[in-house]
**Q** 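Structure in structure tokens, see below.
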Amino acid sequence: MTVTRFAPSPTGYLHIGGLRTALFSWLWARRQGGKFLLRIEDTDLARNSQAATEAILEAFEWVGMSHDGEAVYQSQRFDLYRRHIARLLDEGKAYYCYMSKEVLDALREEQQKRGERPRYDGRYRDGTLGPVEGVEPVVRIKAPLEGSVTIEDGIKGPVTFNWDEVDDFIIARADGSPTYNFVVAIDDAFMGVSDVIRGDDHLSNTPKQLVVYRALGFKEPKFFHVPMILNEAGKKLSKRDGATDVMEYKHQGYLPEALLNFLVRLGWSHGDQEIFSLEEMLALFDPNDINKSASAYNPSKLLWLNGHYIKNSPNDRLIKLLHEEFECDIRGHDAQEILLDLCKEKAQTLEEVKAQAQLFISRPTAYNPKDLALATPQALELLERFVAHLRHSGGPHLPVEYQAEIDRFLKESGAKMPALGKPLRLALFGQAQGPSLSDALAILGIEEVAARLEGLVSAVNT
RNA sequence: GGCCCCUUCGUCUAGCGGUUAGGACACCGCCCUUUCACGGCGGCGACACGGGUUCGAGUCCCGUAGGGGUCACCA
């Protein structure tokens, strides 16, 4: 069975890089009918917070990704780690090292000065050096001294490391707590993870983890090292650009499916297809098809996708989101459907849908000074006549009916569309630029139109 | 610096020895049009460089350059 996992360390919110690797893992597990597990890597008690864990869970919930079973917290599995450290010690595959941090630092500094790679020299490996008074030992695991390993990475292909590049790294600190490369291997093995999909910043950690797998006789998983996401300038993602909290996207009016679609196309593709429903992703995604190279964060494409998904969202969903997330209540509006159809057509975010809707919900509180010049006495008079015309017409209701009245009025009055349209938009929205007038009239209704015209008239007269 | 990874339009990418190197976003132009958008049509625009292998290379090999990652008692 395919078992994947997402293993964040709860030191902050979840950003799109993390969300993407989680998405890849999730899609692959689901496609294979396997399991997608969540493991919270909180062994570094000082840097973790419960709030961060909750933020990650919240983001998962928003995008609709669910993990199987209970989340695993590493902080609650110290017994498991301790047992295996003891076992390795017993079997002579790990050993106590009494080199203090200070001595180690001094060694490294010296090596660096000589132009060598800073590394542990293995002085306690063969057990000939005894304990040092006053030094709590760390536990180091024995890495092979020669030869090499080749990782058959599902994305990068075969990657070879020489063992002499791999130190006898620390698996337990002086205080007895286990370290990252050790617990990752233990947990992945015990959780039955078959496919490790993670950022390629972990590629060079992999040999270390294989040392643990091998020492304990665990079955090695398949690895997929996903290239990083860079910012628009091709540099590492920072908080300034894409590394913002995933939930920020929600607050800015992005739809989760747009974000997911955007992320799945970063590094992965299926021919020329750009739009992927969740079902399609689930049916098509394969981590073996992920590109080898890093990709840059491209906010305008995200925006485009978001606009696409907004246009294709049912109105009632949008109404609900607008109400719940954006304090914009258009529930029960007389012309709800027309209003939403109009608003979502040009919007790329829910914020923009809201801004558009706001034009109808509330009357203009100010008029664009530049456009106010349109409100000439003749124009106002024409508008008055237009409203009177609407009142005496057969009671238009739909946009097409209003359009017919506009056409009839234009014909009867001899006025041209711009002469009517520009000041009418000014009266309705406070600016010469705005939604289609036939739609606008249908949404507002004659009385509201009359009221807004009055508003303009009194604004001009004061 | 050592080791490892990467390199097709500005960006995301298709390509899997023979293509006028395709699509998408962005940009520009035209059309639609009562404004702004949407939409439609079109345009601009790429195989990092140098050597091989081959009848033939974006595709395979080797270098170079550039970018990235990693070298912790962080994860």
Side-chain angles (χ1 to χ4, degrees), chain A residues 7-11 41-44 46-48 74 97 99-101 104-105 108 112 115-120 136-140 151 153 155-157 159-162 164-167 169-181 183-184 199-208 225 227-230 232-236 262 265-275 291-305 307 311 342 344-348 352 356 371 403 406 410 416-422 424-426 429 431-438:
Chain A
S9 65
T11 51
E41 308 225 324
D42 56 352
T43 52
D44 186 359
R47 290 177 27 172
N48 299 319
Q74 289 186 325
C97 169
M99 222 171 156
S100 70
K101 194 147 188 355
L104 195 57
D105 284 344
R108 276 201 268 259
Q112 219 137 25
E116 293 169 17
R117 178 173 74 90
R119 60 173 303 174
Y120 173 66
E136 281 299 322
V138 298
V139 178
R140 290 183 181 272
I151 297 155
D153 192 276
I155 295 172
K156 307 281 188 182
V159 180
T160 301
F161 294 90
N162 284 321
D164 64 15
E165 291 290 329
V166 180
D167 289 357
F169 62 97
I170 294 172
I171 59 175
R173 302 183 182 94
D175 66 2
S177 63
T179 59
Y180 171 74
N181 285 116
V183 297
V184 164
D200 73 1
D201 49 337
H202 289 284
L203 185 54
S204 35
N205 280 328
T206 310
K208 287 186 180 177
H225 286 99
M228 307 274 89
I229 299 177
L230 274 18
E232 290 178 84
K235 297 295 177 195
K236 195 173 176 177
F262 172 71
R265 281 289 287 104
L266 236 42
W268 178 81
S269 61
H270 179 70
D272 284 338
Q273 188 169 346
E274 294 290 346
I275 305 293
N291 280 165
K292 293 174 171 207
S293 53
S295 37
Y297 176 69
N298 181 189
S300 56
K301 188 147 183 185
L302 207 210
L303 228 30
W304 172 74
L305 279 164
K311 287 185 217 352
L342 183 70
K344 70 188 188 184
E345 194 172 280
K346 55 176 83 173
Q348 291 195 300
E352 290 174 17
Q356 201 65 205
D371 295 331
Q403 189 58 52
I406 290 173
L410 253 24
K416 295 285 186 216
M417 187 63 201
L420 173 69
K422 286 184 182 183
L424 183 54
R425 278 206 184 78
L426 178 66
F429 308 119
Q431 57 194 34
Q433 211 178 64
S436 144
L437 284 172
S438 55

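The model shown is predicted, which means the values in this text are computed figures rather than measured ones. A, B, ... follow the sequence lines: proteins, then strands. Residue 1 opens every chain.
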**Q** Between N or O atoms, less than 3.5 Å apart, protein on one side and nucleotides 6-9 of chain B on the other: list the pairs.
**A**
{"residue": "rC6(B)", "atom": "OP1", "partner": "Lys292(A)", "partner atom": "NZ", "Å": "3.4"}

**Q** For atom C1', what is the distance between rC25(B) and rG43(B), given to the nearest Å?
**A**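 Pairwise C1' distance, rC25(B) against rG43(B), rounds to 16 Å.
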**Q** Looking at residues at least two apart in the chain, or sitting in another chain, which of them share a salt bridge (Lys or Arg N to Asp or Glu O under 4.0 Å) with Lys422(A)?
**A**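 Expected list: none.
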**Q** Would you please name every residue forming a side chain to side chain contact (heavy atoms under 4.5 Å, CB included) with Ile151(A), sequence neighbours left out?
**A**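 In terms of side chain to side chain contact (heavy atoms under 4.5 Å, CB included), with neighbours along the sequence ignored, Ile151(A) is linked to Asp153(A), Phe161(A), Thr206(A), Pro207(A), Leu210(A), Phe223(A).
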**Q** Return whichever of Asp272(A) or Gln74(A) has its heavy-atom-nearest nucleotide of RNA chain B closer to the 5' end.
**A**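 Its nearest nucleotide lies further toward 5', so the answer is Asp272(A).
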**Q** For Glu136(A), check salt bridge (Lys or Arg N to Asp or Glu O under 4.0 Å) against everything at least two apart and list the hits.
**A**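 Expected list: none.
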**Q** With heavy-atom distances below 4.5 Å as the criterion, would you say the side chains of Glu165(A) and Arg117(A) are in contact?
**A**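 Of all side-chain heavy-atom pairs linking Arg117(A) with Glu165(A), at least one is under 4.5 Å.
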**Q** Using a cut-off of 4.0 Å on non-hydrogen atoms, how would the nucleic acid contact of Glu274(A) be classed: base, sugar-phosphate, or nothing?
**A**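 Glu274(A): base contact, heavy atoms under 4.0 Å.
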**Q** Set out, line by line, the N/O atom pairs under 3.5 Å between protein and nucleotides 71-73 of chain B.
**A**
{"residue": "rC71(B)", "atom": "O2'", "partner": "Arg117(A)", "partner atom": "NH1", "Å": "3.4"}
{"residue": "rA72(B)", "atom": "OP2", "partner": "Arg108(A)", "partner atom": "NH1", "Å": "3.4"}
{"residue": "rC73(B)", "atom": "OP1", "partner": "Arg108(A)", "partner atom": "NH2", "Å": "3.3"}
{"residue": "rC73(B)", "atom": "O2", "partner": "Ala174(A)", "partner atom": "N", "Å": "3.1"}
{"residue": "rC73(B)", "atom": "N4", "partner": "Met99(A)", "partner atom": "O", "Å": "3.4"}
{"residue": "rC73(B)", "atom": "N4", "partner": "Lys101(A)", "partner atom": "N", "Å": "3.2"}

**Q** Is any side-chain heavy atom of Leu410(A) closer than 4.5 Å to one of Met417(A)?
**A**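 When only atoms from C-beta onward are counted, Leu410(A) and Met417(A) do touch, with a gap below 4.5 Å.
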**Q** Checking all strands, does Tyr180(A) fall into the base, sugar-phosphate, or nothing category for heavy-atom contacts under 4.0 angstrom?
**A**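 Base contact.
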**Q** Hey, is Asp164(A) close enough to Arg119(A) for a salt bridge, meaning N to O under 4.0 Å?
**A**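 Arg119(A) and Asp164(A): not salt-bridged.
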**Q** Has the side chain of Asp200(A) got a donor or acceptor atom sitting under 3.5 Å from an opposite partner on the base of rG69(B)?
**A**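 No, the side chain and the base share no sub-3.5 Å donor-acceptor pair.
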**Q** Sequence neighbours left out, what passes ring-ring contact (aromatic ring centres under 6.0 Å, His included) with Tyr120(A)? Give chain and number order.
**A**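 Result, ring-ring contact (aromatic ring centres under 6.0 Å, His included) vs Tyr120(A): none returned.
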**Q** Check whether any side-chain N or O of Ser269(A) sits under 4.0 Å from OP1 or OP2 of rA14(B), and answer yes or no.
**A**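 So the side chain of Ser269(A) is within the cut-off, an N or O lying under 4.0 Å from OP1 or OP2 of rA14(B).
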**Q** Applying the Watson-Crick and G-U wobble criteria at under 3.5 Å, what pairs with rU54(B)? Answer none if nothing qualifies.
**A**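 Across all strands, not a single nucleotide pairs with rU54(B).
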**Q** Using whole Å, report how far NE2 of His225(A) lies from C1' of rU70(B).
**A**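 So the two atoms are 11 Å apart, to the nearest Å.
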**Q** Name all residues meeting the side chain to side chain contact (heavy atoms under 4.5 Å, CB included) criterion together with Leu303(A); count only those two or more places apart in sequence or in a different chain, and write none if there are none.
**A**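 By the side chain to side chain contact (heavy atoms under 4.5 Å, CB included) rule, Leu303(A) matches Tyr254(A), Gln348(A), Thr349(A).
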**Q** Could you check how far CD1 of Ile151(A) sits from C1' of rG69(B), rounded to whole Å?
**A**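 Rounded to the whole Å, the gap is 13 Å.
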**Q** Is there a Watson-Crick or G-U wobble partner for rU59(B) with both distances under 3.5 Å, and which nucleotide is it?
**A**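 The answer is none; no pair meets the criterion.
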**Q** Reading nucleotides 29-39 of chain B from the 5' end, what letters show protein touch, with B for base, S for backbone sugar-phosphate only, - for no heavy atom under 4.0 Å?
**A** -----BBBBS-
**Q** With sequence neighbours excluded, what pairs up with Glu116(A) under the side chain to side chain contact (heavy atoms under 4.5 Å, CB included) test?
**A**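 Glu116(A) satisfies side chain to side chain contact (heavy atoms under 4.5 Å, CB included) with Gln111(A), Arg114(A) once adjacent residues are dropped.
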**Q** Students often get this wrong, so: under 4.0 angstrom with heavy atoms, is Thr43(A) touching a base, only sugar-phosphate, or nothing?
**A**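 Here Thr43(A) touches the backbone only, sparing every base.
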**Q** To the side chain of Arg265(A), which of rA75(B), rA26(B), rU13(B) is closest?
**A**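 Nearest to the side chain of Arg265(A) among the choices is rU13(B).
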**Q** Hey, does the side chain of Ser295(A) come within less than 4.0 Å of rU13(B)'s phosphate (OP1/OP2), counting only N and O?
**A**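 Affirmative; the distance criterion is met.
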**Q** Kindly write out the residues that satisfy salt bridge (Lys or Arg N to Asp or Glu O under 4.0 Å) with Lys208(A), not counting sequence neighbours, or none if the list is empty.
**A**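 For Lys208(A) there are no salt bridge (Lys or Arg N to Asp or Glu O under 4.0 Å) partners, ignoring immediate neighbours.
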**Q** Applying the Watson-Crick and G-U wobble criteria at under 3.5 Å, what pairs with rU35(B)? Answer none if nothing qualifies.
**A**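 For rU35(B), the partner nucleotide comes out as none, under the 3.5 Å rule.
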**Q** Under the side chain to side chain contact (heavy atoms under 4.5 Å, CB included) test, which residues partner Asp371(A), sequence neighbours left out?
**A**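 Residues passing side chain to side chain contact (heavy atoms under 4.5 Å, CB included) with Asp371(A): Asn368(A), Leu374(A), Leu426(A), Gln431(A), Ala432(A).
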**Q** Between P on rG2(B) and OH on Tyr120(A), what's the gap in Å once rounded to a whole number?
**A**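 Roughly 25 Å, once rounded to whole Å.
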**Q** Taking for each residue the nucleotide of RNA chain B with the nearest heavy atom, is it Pro178(A) or Gly115(A) whose nucleotide lies nearer the 5' end?
**A**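 Counting from the 5' end, the first nearest nucleotide belongs to Gly115(A).
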**Q** Among residues at least two apart in sequence or on other chains, which ones pass salt bridge (Lys or Arg N to Asp or Glu O under 4.0 Å) with Glu352(A)?
**A**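 Checked Glu352(A) against salt bridge (Lys or Arg N to Asp or Glu O under 4.0 Å); zero matches.
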**Q** Which whole-number value in Å describes the distance from His202(A) NE2 to rA75(B) C1'?
**A**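 So the two atoms are 7 Å apart, to the nearest Å.
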**Q** Looking only at atom C1', what distance separates rG58(B) and rA46(B), rounded to whole Å?
**A**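 Going atom to atom, C1' in each nucleotide, I get 10 Å.
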**Q** What's the gap between rG51(B) and rA57(B) when it is taken at their P atoms, as a whole Å value?
**A**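 Their P atoms lie roughly 13 Å apart.
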**Q** Watson-Crick or G-U wobble partner for rU64(B), using a 3.5 Å limit on both distances?
**A**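 With both distances under 3.5 Å, rU64(B) matches rA48(B).
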